[in-house]
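Indexing begins at 1, ligand by ligand and atom by atom, following the structure's order.
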Amino acid sequence: MTREPVARKNVLVFRALPPDQLARLQAVHAVTVADPRQAAQRPLFDAALADAHGLIGSSFPITAELLAQAPQLQAISSISVGVDNYPLQALQARGIVLCHTPGVLDETVADAVFALLMATSRRVVELSQMVRDGQWTSNIGEALFGSDVHGKTLGLLGFGRIGQAVARRAALGFGMPVLYHARRPVDLTAQAPELLGRAQHVPLANLLERSDIVVALLPLSDSTRGLVNARVFAGMKPGAIFINAGRGATVVEEDLLAALDHGSLRAAGLDVFAIEPLPLSSPLRTHPRVTPLPHIGSATHDTRHAMAALATTNLLQALAGERPAAVYEASGGAGV
Ligand code: DGY
């Protein structure tokens, strides 16, 4: 049986794709590459948007206003798992398919979470800087000691695929009891049998009271925006460490700073911020007990390529009228 050739459509690539993935799109469709974050490319982006049937990219908000400038749009393929850059209601109202990249980045983001967890607990960045600055002039004393990671209690806010990958590292590799808080308990027997008896669903207040390290992996939505606030920090165990690798705006950053400066939060490791790139004026950039990273959770060669490949497959399928491999469906469960 021969398949009908797919009608050539207009595709707008709004964030650079690896050459092999760009070639897959160009083989079938008319492709414009224009990054709207570069002022010089904005006119080309706007012009291509007006004719686009498909969009593919990431890290740029496709607002409802922009959507209104794309009357022919059929599908958006985000090169990300998070979909907070898209107007979900407007997409649904117009029947535009939204695809994303779950599943291919979980282990890589979990590695990055662990890098932050180790760096904050053992003060890796600060002490390395001391050596670089020529300040290692005698054996370090207690004032510069860190805290253990192994055996400490880990509290996870959000327990989707990435949370479960972090929990596996913690429970199986570091002997850490794992608590998690999510909208509903995860069926570990079906989804993560290796965590049976090792990860426990608990109410938020209980998690905060008991966890030595609290890791937020929350998607950004109306129900999670600003969720990690002064009350949450006040509920944490004295000397706790806080890591955020979900979305910056789930945390009230002023409250985080207050917890570091006037509360008993020991340190924070942050891969995400309310505004990215982090403004130079943000006190989080230089705070001595904050380890900031430039949103590198999934940023390895292998994983970013896998994300681009899945996003390309999604868009090709959507524009061919097939069900894409990874359509975004608001499911709930993993968030709080
Ligand atoms: C995602 O995929 O949403 C990540 O935040 C990108 O690193």
Side-chain angles (χ1 to χ4, degrees), residues 13-18 21 35-37 55-63 75-88 91 97-117 156-166 182 215-225 227-228 243-251 253 268-278 284 291-315 324-336:
V13 177
F14 64 94
R15 176 154 203 180
L17 276 175
Q21 301 308 313
D35 184 343
R37 291 162 304 179
L55 297 184
I56 180 168
S58 69
S59 311
F60 181 77
I62 303 294
T63 59
I76 300 181
S77 183
S78 187
I79 313 171
S80 67
V81 67
V83 293
D84 44 294
N85 270 332
Y86 306 96
L88 301 184
L91 290 173
V97 178
L98 177 62
C99 309
H100 65 149
T101 61
V104 293
L105 74 177
D106 310 335
E107 300 298 331
T108 299
V109 177
D111 286 349
V113 168
F114 246 82
L116 276 174
L117 205 142
L156 291 166
L157 304 181
F159 199 59
R161 291 188 193 83
I162 297 171
Q164 290 168 31
V166 173
V215 175
L217 288 164
L218 301 167
L220 184 61
S221 68
D222 289 344
S223 61
T224 61
R225 188 178 296 278
L227 188 115
V228 184
I243 309 289
N244 190 11
R247 283 294 182 266
T250 63
V251 174
E253 291 181 341
L270 307 172
D271 189 38
V272 289
F273 300 88
I275 301 174
E276 296 179 6
L278 185 63
L284 292 171
T291 303
L293 289 177
H295 201 149
I296 61 160
S298 63
T300 65
H301 291 292
D302 296 335
T303 292
R304 284 290 170 87
H305 190 274
M307 291 166 72
L310 175 54
T312 302
T313 300
N314 281 335
L315 188 59
V327 179
Y328 173 74
E329 272 154 336
S331 59
V336 170

Query - Residues that T291 engages under side-chain hydrogen bond (donor to acceptor under 3.5 Å, both in side chains), provided they are two or more places apart - result: none
**Report entry** Those protein residues which place at least one heavy atom below 4.0 Å from ligand 1
**Finding:** S80, V81, G82, L105, R247, H295, S298, R304, M307
Query raised in the report: side chain to side chain contact (heavy atoms under 4.5 Å, CB included) with L293: which residues, sequence neighbours excluded?
Result: L116, D271, I296
Requested in this report: With sequence neighbours left out, write down each residue that passes side chain to side chain contact (heavy atoms under 4.5 Å, CB included) with A311, or none if nothing qualifies.
Outcome: I56, S77, I79, T101
**Report entry** L315 side, atom CG; S78 side, atom OG - distance, nearest 0.5 Å
**Finding:** 11.5 Å
Query raised in the report: Using 4.0 Å as the upper bound for N to carboxylate O, is an ion pair formed by R247 and D84?
Result: yes
**Report entry** Between R225 and T250, a side-chain donor and acceptor under 3.5 Å
**Finding:** no
